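Fair warning: this is a prediction, and the values are worked out from it, not measured in the lab. Counting from 1, the numbers follow the sequence of the chain as shown.
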Amino acid sequence: MSAMPKITEISKCRWFTPAMVTLIFIPLLFLNIRHDHDWGGDFAQYMAQADNIVHFRAMENTGYVYNEAFPSLAPKAYPPGFPLIIAPVTAIFGNAIPPYNYLISLFLIATAVTTVLLLQKKAGIWAAIALSIIIYYNPYLVKFKSEVMADIPFSFLVAVFVSMVHKQESLSGRRWIFAGLIAGYAAATKTAGASLLAALMIYSLQQMISSFISEKKIRKAIGMASGPMKGLAAGIGLSVVFSLLFLHSDKGSLSYLNTFSFSNILSSVSLNIFGYAEVIRYFFAGAAAPSHWVAALAGSAMIIFFITGLFLSFTQKPGVLEWTTLVYFGVLFIYPYQNSGFRFLIPIVPLMLYYIIHTATSLKNARGGTLIAVFTMVMMCIQYFPMLNDLQHSTQTIQEGPYKSNVVSAFRQIQSLTPENALIVFKKPLVLARYTGRQSMSH
């Protein structure tokens with residue numbers, strides 16, 4: 001009989017690290033699985049669009065009547081990427097919430113694993129795991145994953161894209177195309193995904209210009225940029241195909257552009273910079289954190305180290321990661337909406353951690369980085385545990401929303417007492433339209 005493989009031999013296998021990291025994050029699959037949903041609104045629109053896809057109906061015909069005087073509530077239709085992801089769940093389980101929770105939990109686990117695999121190349125496996133635990137076991141994210149929203153699947157797509165292009169010098173044309181397709185699907189999942197395509201375009205131009213300046217040959221300059229240009233073409237092509245298949249020209253997520261006011265852009269930038277800085281600090285504290293000072297220090301350190309790392313990277317030759325970060329934050333800063341909390345930052349977290357590590361490794365005395373990361377993780381987990389415990393115990397309590405018994409009864413009465421073509425004005429029109437089958441709009 002052959003001898004059992006040694007532990008050291010197993011640890012050298014390609015699958016060992018991903019499997020070990022997956023086991024560390026697998027508890028996320030079972031934390032905060034709910035049978036209800038809050039009022040929200042976006043989740044109902046996503047489910048309605050997925051239901052339309054399943055039944056081969058026009059995706060945007062959800063019953064929600066778009067009010068041009070109130071464009072920030074929701075677009076006429078969200079991009080098709082996330083409805084396509086949840087369409088099989090909608091087809092089998094309808095409005096039952098737990099299957100969606102499990103699906104989004106799987107995406108969160110996949111995002112965490114991808115983040116660790118990205119960071120370990122700069123910080124080592126244990127520091128990468130420690131930093132990722134601080135983020136992905138945060139009570140905010142554990143609570144947020146119970147909402148049927150596109151942000152976490154979108155974050156996974158961004159993490160995969162970043163992992164693929166962070167060593168852009170050695171990428172083959174085929175990998176550039178695959179990275180471009182990931183970026184294209186990200187753009188078809190959330191409009192902010194267009195920042196990935198913009199980063200590919202900027203990097204392509206950078207490669208062409210720098211090559212032409214040094215070589216003075218147009219063909220060689222174009223050849224230097226051929227890889228990212230192939231990826232850009234593939235991404236734009238996929239995004240256009242999705243738009244043509246699922247969205248009409250006048251009924252899509254582009255209606256969100258109505259919320260922009262270029263006359264107030266400086267005010268939006270100022271408010272957003274301050275707001276997201278506070279959001280990062282609050283992310284580590286939470287309303288029930290036992291020691292706010294630990295969280296305040298962690299949030300402040302994250303901001304300072306991230307900005308420093310990004311600046312240091314730009315002083316060298318910027319690549320796709322730097323342009324992705326800059327463009328994404330540029331979009332966040334000019335977007336005139338200040339009530340998103342941390343959820344718009346979730347997709348950029350892997351890059352923020354990447355530049356935090358870049359700052360740490362740039363310091364002369366950074367040998368104890370792993371020890372500091374593990375110590376910080378322990379301190380933050382002490383903060384997290386009571387909040388996670390309370391969150392887990394709250395899963396059996398039906399929160400205010402469409403699954404509350406009195407709301408269920410009210411929606412049934414609306415179905416029985418109103419004609420099918422009724423138009424109802426309601427504060428949460430996306431929810432009413434989904435759960436009653438009646439048209440609804442907000443004043």
Side-chain angles (χ1 to χ4, degrees), residues 42 71-75 77-79 81-82 111 149-162 165 179-180 182-206 228 231-232 235-236 238-240 242-243 247 252-280 283 303 306-307 310-311 313-314 318-355:
D42 294 344
S72 62
L73 176 66
Y78 286 106
F82 185 58
T111 305
M149 299 279 279
D151 300 85
I152 290 175
F154 174 69
S155 299
F156 171 68
L157 294 170
V158 174
V160 171
F161 173 80
V162 166
V165 302
I182 295 294
Y185 196 86
T189 302
K190 284 183 73 73
T191 49
S195 59
L196 307 184
L197 297 175
L200 285 175
M201 182 180 68
I202 295 170
Y203 182 70
S204 300
L205 292 173
Q206 174 190 319
L232 177 62
I236 292 175
L238 183 66
S239 184
V240 169
F242 275 122
S243 296
L247 295 175
S253 57
L254 290 179
S255 56
Y256 254 147
L257 294 177
N258 296 335
T259 63
F260 283 90
S261 175
F262 290 99
S263 61
N264 296 323
I265 194 167
L266 291 178
S267 176
S268 294
V269 170
S270 178
L271 285 171
N272 283 326
I273 290 175
F274 173 77
Y276 283 115
E278 290 301 298
V279 159
I280 290 172
F283 175 71
I303 294 169
F306 161 62
I307 294 174
L310 183 61
F311 177 78
S313 295
F314 264 102
V320 182
L321 268 61
E322 287 73 36
W323 293 121
T324 299
T325 307
L326 193 66
V327 174
Y328 188 87
F329 271 103
V331 172
L332 286 190
F333 289 161
I334 65 172
Y335 183 47
Y337 184 70
Q338 285 81 41
N339 297 316
S340 62
F342 195 82
R343 71 184 181 95
F344 285 175
L345 293 174
I346 299 171
I348 207 70
V349 160
L351 281 172
M352 294 180 73
L353 294 176
Y354 183 88
Y355 291 115

> Taking all non-hydrogen atoms of both residues, which atom of Q206 and which atom of P318 are closest, and how far apart?
Replying inline: NE2-O, 2.8 Å

> Say you draw a straight line from CD1 of I152 to CG of L157; how long is it, rounded to the nearest 0.5 Å?
Replying inline: 12.5 Å

> So do the side chains of Y355 and L321 get within less than 4.5 Å of each other, counting heavy atoms only?
Replying inline: yes

> Rounded to the nearest 0.5 Å, what separation is found between the CG atom of L332 and the CD1 atom of I348?
Replying inline: 8.0 Å

> Could you give the distance from CZ (R343) to CG (D42), rounded to the nearest 0.5 Å?
Replying inline: 6.0 Å

> Hey, does the side chain of S270 reach the backbone of L266 with a donor-acceptor pair shorter than 3.5 angstrom?
Replying inline: no

> Are any non-hydrogen side-chain atoms of W323 and F314 less than 4.5 angstrom apart?
Replying inline: yes

> Which residues pass the ring-ring contact (aromatic ring centres under 6.0 Å, His included) test with F311, sequence neighbours left out?
Replying inline: none

>> Using 0.5 Å steps for rounding, measure from the CG atom of L200 to the CG atom of L205.
In response: 11.0 Å

>> For A183 versus L196, what's the shortest heavy-atom pair and its separation?
In response: CB-CB, 3.7 Å

>> For T325 versus L351, what's the shortest heavy-atom pair and its separation?
In response: OG1-CD1, 3.3 Å

> What's the spacing between K190 NZ and F344 CZ if we round to 0.5 Å?
Replying inline: 5.0 Å

>> Strictly distance-based, threshold 3.5 Å: is any side-chain N or O of S155 a donor or acceptor partner for the main-chain N or O of D151?
In response: yes

> Taking the side chain as C-beta and beyond, is there a heavy-atom pair between I334 and F329 under 4.5 Å?
Replying inline: no

>> What verdict does the side-chain contact (heavy atoms from CB on, under 4.5 Å) test give for Y78 and T189, after you've listed the backbone C-alpha separation in whole Å, the side-chain angles of each residue and the deciding distance to 0.1 Å?
In response: CA-CA 8 Å; Y78 286 106; T189 302; over 6 Å; no

>> Ignoring hydrogens and geometry beyond distance, is a side-chain donor-acceptor pair present between E322 and Y203 at under 3.5 Å?
In response: no

> How far apart are the C-alpha atoms of V349 and F342, what are their side-chain angles, what is the distance that settles it, and do they pass the side-chain contact (heavy atoms from CB on, under 4.5 Å) test?
Replying inline: CA-CA 10 Å; V349 160; F342 195 82; 3.8 Å; yes

>> I need the minimum non-hydrogen distance between V327 and S195, along with the two atoms involved.
In response: CG1-CB, 3.6 Å

> Going from CZ on F306 to CG on L310, what distance comes out if it is rounded to the nearest 0.5 angstrom?
Replying inline: 5.0 Å

>> Please find the pair of heavy atoms, one from A187 and one from L197, that lie closest to each other, and give the distance.
In response: CB-CD1, 4.0 Å

> Between I303 and A277, what is the shortest heavy-atom contact and its length?
Replying inline: CD1-O, 3.6 Å

> What is the ring orientation for Y185 with F242, classed by angle as parallel under 30°, tilted 30 to 60°, or perpendicular over 60°?
Replying inline: perpendicular

> In terms of side-chain heavy atoms, does Y335 have a donor or acceptor partner in N272 at a distance below 3.5 Å?
Replying inline: no

